[in-house]
Amino acid sequence: MLQLSATFDLQQDVVSSIFKKEATVGRTEEYSGIVDTRILNIERDGGVLYSWKGATGTTRIGKYDPNTRQNKLLYTFDKQVCVSSCSLNKEETLLAVSLAQRTRTEERLRPVSKCLTLLIEIHPINNTKVLKAVDCRVRVQFIHPDTERDSVLESHLLLVAEDGYVEQLHVMLVRQEGYRVVMLNPECLAKDRVAEEFSWVQWDSQTQRLFYLTHREKAVLKCVQFYHDQNCETLFELELELPSNPFTCMRFVNLGFDHHQETQHEREEMRMLVITNKTGSMCVCYSQPACANQEITYTIVLVHRGCSKTFSVALDGTPSPCSTDLLPLFIPIGYYVVVYLAGHFLHCINTRQQELLCHSLFLSGVDAELGVLGSDSVVLSLPESSLLDLNTGRMYTVDLNPSFLMDLLHCSHSRPDAQRLAALHCLLLYMGPNAALQLKIIDWICDNVMPFDTFDQIQEFILASLYRIIYKKCLSLDEVLPYSSVFEKKKVPEGLDLVPGVTCTTELHAEPVFKGKARRLQGYWEELQWSTEKMKYFEAVPNLRYRASQSLSDWTKLLTTLKSENKKASNYLRHIEENTKQ
């Protein structure tokens, strides 16, 4: 179902590359003991930050550039340290690092902070400033603003603390001797408190947004937007119906990978992810581990639709003690959200045509397997439809597989109609105007001319194709355009409305609150706000989407008038008839 393409391999792209490079200068002895190579962070430009420990007792930090496929050494610690977080500014002049510190036997009488956060000048390597020495984990992340300036003499760094607050440091830089870039007045760095009192936080590197969850009387999701002029503002708030204490410890999402966190933080009580799309959609996805009856529940809040959908899936097989630790992975692919639980199921949820289950694709068994990922893989979902296998250090881009979807259509006897309908819509709408693909679909229709029991494939082809064309030209018609013949039926066939083992409940959701500049911004926030405002009106209109059956009575009346012997049809009625036929 999913098509995975490898984009990065830690062993091939980093470790092997370092060996080859050092062999050319005769320094392989120093690198022969390369161990413990780990991915630390992925920056906005796709650069991969990593660390490794050498045979000489050092710890090094490097960067892999996916565009040039080259590695660059950024900094070397003269002893072995545990790097728990790392970030590089856009100009590659500053390196922020958090070190996890453990008290050695000989140092037990001397207090040592659990986390040491440093800011290091690396162009060239020069001064190091201690930013924090605290007893909680601290994640570091540089802001990478959109700017056309070649040389920017300022950087802005986020310090995200396990204690539930975020600070933004403003670092002014100065150029010396024509090439040296150093901090200006490093002892007095300006800083702002961006957020506080939260238990979950997510960084979106592509859009430079910070989402975080506060929980006082109710759980509230907030979003801070960062701008190129160093300012930031809370633009968005949304109440969520979550358990009273969804996170017992801090959860960091898309803020690097801490390989040194303590064991009590490893088990997740709940998994949550915010997914945004540039067309103006937002989905808040969350799930809790499987309960004792071997059933797992996950919720997708469709903010742009003003509703939420909660799915419950019965897990196959014999209950196991570790089944209560199972949590599905949420993977964004275009306007689809893929919910994947290894060894159990894969649910491809359509967030644009969400009314019926039959326009989303649910698979289990062999169909839900991802071949390149092993059973012991620790997989994380990344932005831009990517996955990271922490065990192997490999990254993949993820997309829907058109060949698999075409195979679903051809398996007419062994597949339920709901799967074929979902596959057909995915091919026609998501895959876009692909002439070769459309010819294959037409060939399939010609081989299956008689309609299926639950839907007419010719009508579906026409409606879905027209919907795709018109949708691109006028997004505001999304809620009124017909995209499926299923809505013409008085009652949705049971084969399309039910998926074995899956139940779905739909509820209206609280309206989001847009604040500050969000009301005046163009682009994403404007589209999202327009979508939510539009839904207020649509919720009050029954049978919103156009149905041909609605005009059937008028059409019948017109034909009766034209055929009447007692009354000669007017030219006007004849004109209507001809236009309708055309």
Strictly by modelled atom types, are [X] and [Y] linked by a side-chain donor-acceptor pair under 3.5 Å?
X	Y	result
D389	S377	yes
D192	H170	yes
H509	E507	no
Q353	Y467	yes
T310	T299	yes

Side-chain heavy-atom pair [X], [Y] within 4.5 angstrom cut-off:
X	Y	answer
L49	I42	no
E43	Q141	yes
S381	F330	no
L4	L373	yes
C283	H304	yes
L302	Q354	yes
S5	T397	yes
V253	W203	no

Considering all heavy atoms of both residues, which atom of [X] and which atom of [Y] are nearest to each other, and what is their separation?
X	Y	result
L409	L427	CD1-CD1, 3.7 Å
P289	L327	N-CD2, 3.3 Å
R420	C411	NH1-O, 3.6 Å
V220	E237	CG1-CB, 4.2 Å
G334	S385	N-OG, 4.3 Å

*If you look only at pairs with a residue in residues 303-314, which of them pass as a salt bridge (Lys or Arg N to Asp or Glu O under 4.0 Å), with sequence neighbours excluded?*
R305-D478, R305-E479

Give, for atom [atom1] of [X] and atom [atom2] of [Y], the distance between the pair rounded to the nearest 0.5 Å.
X	Y	atom1	atom2	result
L437	I442	CG	CD1	10.5 Å
L346	L370	CG	CG	6.5 Å
C358	L498	SG	CG	10.5 Å
Y212	E196	OH	CD	8.0 Å
L240	L221	CG	CG	5.5 Å
L357	C504	CG	SG	5.0 Å

_side chain to side chain contact (heavy atoms under 4.5 Å, CB included), that's the test. Do M431 and L405 meet it? Break it down for me._
CA-CA 11 Å; M431 299 295 175; L405 296 173; 3.8 Å; yes

Backbone N or O of [Y] within a donor-acceptor pair of the [X] side chain at under 3.5 Å?
X	Y	result
T454	L496	no
Q208	S205	yes
S386	L382	no
Y524	S281	yes
H144	L88	yes
S465	I462	no
R139	L159	no
S360	L356	no
E460	H425	no
R209	C223	no

Check ion pair [X]-[Y] (N to O, under 4.0 angstrom):
X	Y	value
K63	E92	yes
D13	R394	no
K515	E233	no

*Partner residues of K278 under the salt bridge (Lys or Arg N to Asp or Glu O under 4.0 Å) criterion, sequence neighbours left out*: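 Expected list: none.
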
*Could I get the full list of side chain to side chain contact (heavy atoms under 4.5 Å, CB included) partners for K489, not counting sequence neighbours?*
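Side chain to side chain contact (heavy atoms under 4.5 Å, CB included) check on K489 returns P493.
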
*asked:* Show, in sequence, the C-alpha distance, side-chain angles and deciding distance for W525 and Q225, and conclude whether the side-chain hydrogen bond (donor to acceptor under 3.5 Å, both in side chains) test is met.
replied: CA-CA 10 Å; W525 292 110; Q225 177 73 64; 3.0 Å; yes

*Passes side chain to side chain contact (heavy atoms under 4.5 Å, CB included), L213 versus M272? Steps please.*
CA-CA 10 Å; L213 185 71; M272 179 169 160; 4.3 Å; yes

*Parallel, tilted or perpendicular for F487 and Y483, by the 30°/60° rule?*
perpendicular

*Could you label the plane-to-plane angle of the F236 and F514 rings as parallel, tilted or perpendicular, counting under 30° as parallel and over 60° as perpendicular?*
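F236 vs F514 ring planes: perpendicular.
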
*asked:* Does T248 form a side-chain hydrogen bond (donor to acceptor under 3.5 Å, both in side chains) with E269? I'd like the steps, not just the answer.
replied: CA-CA 8 Å; T248 57; E269 307 87 353; 2.2 Å; yes

_Step-by-step side chain to side chain contact (heavy atoms under 4.5 Å, CB included) determination, M1 to C348_ = CA-CA 9 Å; M1 172 61 185; C348 191; 3.9 Å; yes

*The single option from Y471, Y430, Y336 passing side-chain hydrogen bond (donor to acceptor under 3.5 Å, both in side chains) against R352*: Y471

Is [X] positioned over the aromatic face of [Y], cation under 6.0 angstrom from the ring centre and no more than 45 degrees off axis?
X	Y	result
R271	Y286	no
R44	F142	no
R193	Y165	yes

_I'd like to know whether the aromatic ring centres of H347 and Y340 sit less than 6.0 Å apart in this structure._
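They do not qualify: ring centres at least 6.0 Å apart.
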
*Between F345 and F362, does the ring centre distance come in under 6.0 Å?*
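Yes: the rings meet the under 6.0 Å criterion.
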
*I would like to know whether V140 and L158 meet side chain to side chain contact (heavy atoms under 4.5 Å, CB included); could you show each step before the answer?*
CA-CA 6 Å; V140 292; L158 296 181; over 6 Å; no

*In sequence, state the C-alpha distance, the side-chain angles, and the governing distance for Y50 and Y64, and then conclude on ring-ring contact (aromatic ring centres under 6.0 Å, His included).*
CA-CA 8 Å; Y50 55 87; Y64 172 78; 7.9 Å; no

*Do other residues, nucleotides or ligands put more than 12 heavy atoms under 6.0 Å from the CD atom of E241?*
no

